Amino acid sequence: MTQLEQLLASNERFAKRFTGADLTARARFPFVILSCVDQRTSPVHFFELELGDALVMRTVGGRVTDGVEAELGVLWFMLSRTSDDPPDLNVAVVHHTECGMQKISSNEARAALSEFMGTDRYSALYPAPDPEESVRFDVERLRNSPLVPEAVSITGFVLDVRTGRLRQIVDG
């Protein structure tokens, strides 16, 4: 069985026990969790989430990109149009220890990334040798974004991939 066939077989098992047909677009917890795409850092697992509990966004390094800012703005806009009450929205930015992005923190690696991407706009974003520093940077970026309303609470965490424990770095 190929890896794709294994994934599709897993989906068949999931579909047979699927109970989320009645879920709405609003998550049970008013949280958007931004984390890294690293397979060790799945918010569904480290927060023990169930289907419908929270919204999850994942980027390389768990970094706040222009796209993340825009998506949060769109989300706020949508939520504010579906209720008479102002939306309650929290963002948890989660970076982690031993991130692969640490490998491109040198000037030479950033220059190579800029050349590969055809722009230097990513070279300042991805040097992430210290996850505490990068999570502080990203929380501040969101707090200063014109696309993310001040009413959105933003908290920063670092996940230790050796212990599975989260440490809160920035209060929301």
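Note that this is a predicted model, so its numbers are computed, not measured. Excluded from the calculations below are hydrogen atoms, water molecules and symmetry mates; all remaining heavy atoms, backbone and side chain alike, are included.
Between Leu89 atom CG and Ser153 atom OG the span is 9.0 Å, to the nearest 0.5 Å. Put simply, CG on Leu49 and CZ on Phe29 are 7.5 Å apart, with the number rounded to the nearest 0.5 Å. With values rounded to the nearest 0.5 angstrom, His96 atom NE2 is found 9.5 Å from Met101 atom CE. With rounding to the nearest 0.5 Å, the separation of CE in Met57 from CG in Leu75 is 8.0 Å.
Residues Arg58 and Thr41 form a side-chain contact, since some pair of their non-hydrogen atoms from C-beta on lies under 4.5 Å apart. Val64 is listed as a side-chain neighbour of Glu69, based on a closest heavy-atom distance under 4.5 Å. Under the 4.5 Å side-chain criterion, counting only non-hydrogen atoms from C-beta, Leu55 is not in contact with Ile33. With contacts defined as side-chain heavy-atom distances shorter than 4.5 Å, the pair Arg162/Glu98 qualifies. Here the side chains of Leu72 and Val152 are not in contact, with every heavy-atom distance at 4.5 Å or above. Proximity of Thr97 to Leu159: side-chain heavy atoms (C-beta onward) are nowhere separated by under 4.5 Å. Between Ile154 and Val148 there is a side-chain heavy-atom pair separated by less than 4.5 Å. Looking at heavy atoms from C-beta onward, Val94 lies in side-chain contact with Leu166 at the 4.5 angstrom threshold.
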Test log, rule salt bridge (charged side-chain N to carboxylate O under 4.0 Å, His left out), inputs Arg28 and Glu50: CA-CA 10 Å; Arg28 188 166 68 113; Glu50 298 293 330; over 6 Å; no
Would you please test Glu132 and Arg136 for salt bridge (charged side-chain N to carboxylate O under 4.0 Å, His left out) and show each step? CA-CA 6 Å; Glu132 289 186 22; Arg136 282 188 191 95; 3.7 Å; yes
Audit row: Ile169, Phe157, side chain to side chain contact (heavy atoms under 4.5 Å, CB included) steps and yes/no: CA-CA 5 Å; Ile169 306 302; Phe157 299 90; 5.7 Å; no
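The two residues Phe18 and Leu51 make their nearest non-hydrogen contact at CE1-CD2, 3.4 Å. The shortest non-hydrogen separation linking Val60 to Cys36 is C-SG, 4.4 Å. Among all heavy-atom pairs drawn from Ser35 and Pro43, the shortest one is OG-CG, 3.2 Å.
Residue Val32 is not grouped with residue Phe46 when hydrophobic side chains (ILVMFWY) are merged at heavy-atom distances under 4.5 angstrom, including chains of intermediate members. Under the 4.5 Å side-chain heavy-atom criterion for Ile, Leu, Val, Met, Phe, Trp and Tyr, Leu142 and Val56 are members of distinct hydrophobic clusters. Residue Leu34 is grouped with residue Val170 when hydrophobic side chains (ILVMFWY) are merged at heavy-atom distances under 4.5 angstrom, including chains of intermediate members. Phe31 and Val93 fall into different hydrophobic clusters, defined by Ile, Leu, Val, Met, Phe, Trp and Tyr side-chain heavy atoms under 4.5 Å apart, directly or through other members. Met1 and Phe14 are assigned to two separate hydrophobic clusters, defined by single-linkage of ILVMFWY side chains at heavy-atom distances under 4.5 Å.
Between the side chain of Ser145 and the backbone N or O of Arg141, no donor-acceptor pair lies under 3.5 Å. Looking at Glu5, its side chain does come within 3.5 Å of a backbone N or O of Thr2 through a donor-acceptor pair. Listed for the Asn90 side chain is a donor-acceptor partner under 3.5 Å among the backbone atoms of Pro30. Between the Asn144 side chain and the Glu140 main chain, a donor and an acceptor come within less than 3.5 Å of each other.
A side-chain donor-acceptor contact under 3.5 Å links His95 and Ser134.
Of the charged side-chain nitrogens involved, at least one lies within less than 4.0 Å of a carboxylate oxygen, so that Arg63 and Asp138 count as a salt-bridged pair. Between Asp160 and Arg165 there is no salt bridge, since no side-chain nitrogen of the basic residue lies less than 4.0 Å from a carboxylate oxygen of the acidic one.
Within a 6.0 Å sphere centred on CD of Gln168, other residues, nucleotides and ligands contribute more than 12 heavy atoms. Counting heavy atoms of neighbouring residues, nucleotides and ligands inside a 6.0 Å radius, atom CD of Gln3 does not exceed 12 of them.
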